[in-house]
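Just follow the structure's listing: the first ligand is 1, and inside any ligand the first atom is 1. Throughout, numbering of the chain's residues begins at 1 and tracks the sequence. The figures that follow rest on heavy atoms only: side chains count, while hydrogens, waters and symmetry mates do not. As the structure is a prediction and not an experimental result, all values here were calculated from the model.
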Amino acid sequence: MTDQTSLDALEQELLAQVSAAADEAGVEAIRVSALGKKGVISERMAALGKMAPDERKAAGAALNILKDKVTEALSAKKSVFAEAALEARLVSEKIDVTLPVRPQSAGTIHPVSQVWEEVVQIFGDLGFSVAEGPHIEDDFHNFDALNMPADHPARQEHDTFYFNEKPDGSRMVLRTHTSPVQIRTMLSQKPPIRIIAPGRTFRSDSDMTHTPMFNQVEALVIDETTHMGNLKWILEEFCKAFFEVDDVKMRFRASHFPFTEPSMEVDINYSREGGQLKIGTGDKWLEILGSGMVHPNVIRAGGLDPDKYQGFAFGMGIDRIAMLKYGIPDLRAFFESDLRWLRHYGFRSLQVPTLAGGLS
Ligand code: PHE
């Protein structure tokens, strides 16, 4: 058998093996047995060194041709398997994009959650971040630090839920407003401060417009130059964005809160058209929030120097503005978990409110 005949036989043998390979691993095994360090072709290549120059030239050329053919056959076979694997994967991962989404998921987003998110979006856009505080507060944060010492008459206005006395005589409370978050924020952040604090609040009170648990959103701005003009602008921007109207009239009425001086209650204008409330038109007034310039005593209780820092705060009922915006008559129904009510007033779960995409 001449060398060329044995090479031809080897070629046929290897190509036959390649074409019979059952999978990628089989192809790889053939590659190793032919072209690996100890492969048949590699060994023949190594043997070239022992040949006479003329012989080597001819044999080397023939071996290289064989090597190329086998390499090509291996890679062709390999890509057949790779393509088959890809095809199988595409089939297994196929999704039918023409399938319609479920028309309405069973649950809905509660109006409080919806409005909460709308408020966060609007104030987020105005540069406010969200702060939090505990529902169970101590006397200091809920009252004392807010300029309401133990004998202060305003404490009586709050229908507070008290916990049992502790051995030291102190009593924790369910926070009666979100204002304690003002104190917590001042004690933990350096000015300039610009936060809102949405959250649950509690008062022992129940009728059409009061529930023992309700939601407020507090806002606090503290820096060296903030003034009442900033407060009015912020509130106006908020009301226009929230009620989704081009213009809204606001009335600032002098009022009293122990933690602000001066204090203002804020009304917005509305009209009633066929039983529907319309915000931003007409000449009737609705109260929506309490506000004012933060009292120096409060700034001091927050660990800041009132001669250097000043600012404003306001507190607004989330449930209340939800009722106004979405025409919901009775506050108590908010917390009764009546499925018919939830389906009627709830929001679709995939409609996340954003300023760009629309709030409601
Ligand atoms: N905490 C007040 C309330 O619950 C609202 C308020 C907050 C008023 C901040 C002024 C400043 O009624």
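Pocket lining of ligand 1, defined as residues with a non-hydrogen atom under 4.0 Å away: H177, S179, Q182, R203, Q216, E218, F257, F259, T260, G290, S291, A313, F314, G315.
Between the side chain of K77 and the backbone N or O of S19, at least one donor-acceptor pair lies under 3.5 Å.
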Could you please spell out the steps behind the ring-ring contact (aromatic ring centres under 6.0 Å, His included) verdict for W341 and H110?
CA-CA 10 Å; W341 188 92; H110 194 284; 5.5 Å; yes
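Cation-pi geometry between R171 and F163 is not met at under 6.0 angstrom from the ring centre and within 45 degrees of the axis. K232 forms a cation-pi arrangement with F252, by the criterion of a distance under 6.0 Å to the ring centre and an angle within 45° of the ring axis.
At a threshold of 4.5 Å between side-chain heavy atoms, the hydrophobic network of Ile, Leu, Val, Met, Phe, Trp and Tyr places I268 and L289 in one connected group.
Taking a cutoff of 4.0 Å between a charged side-chain nitrogen and a carboxylate oxygen, R203 and D205 do not qualify as a salt bridge.
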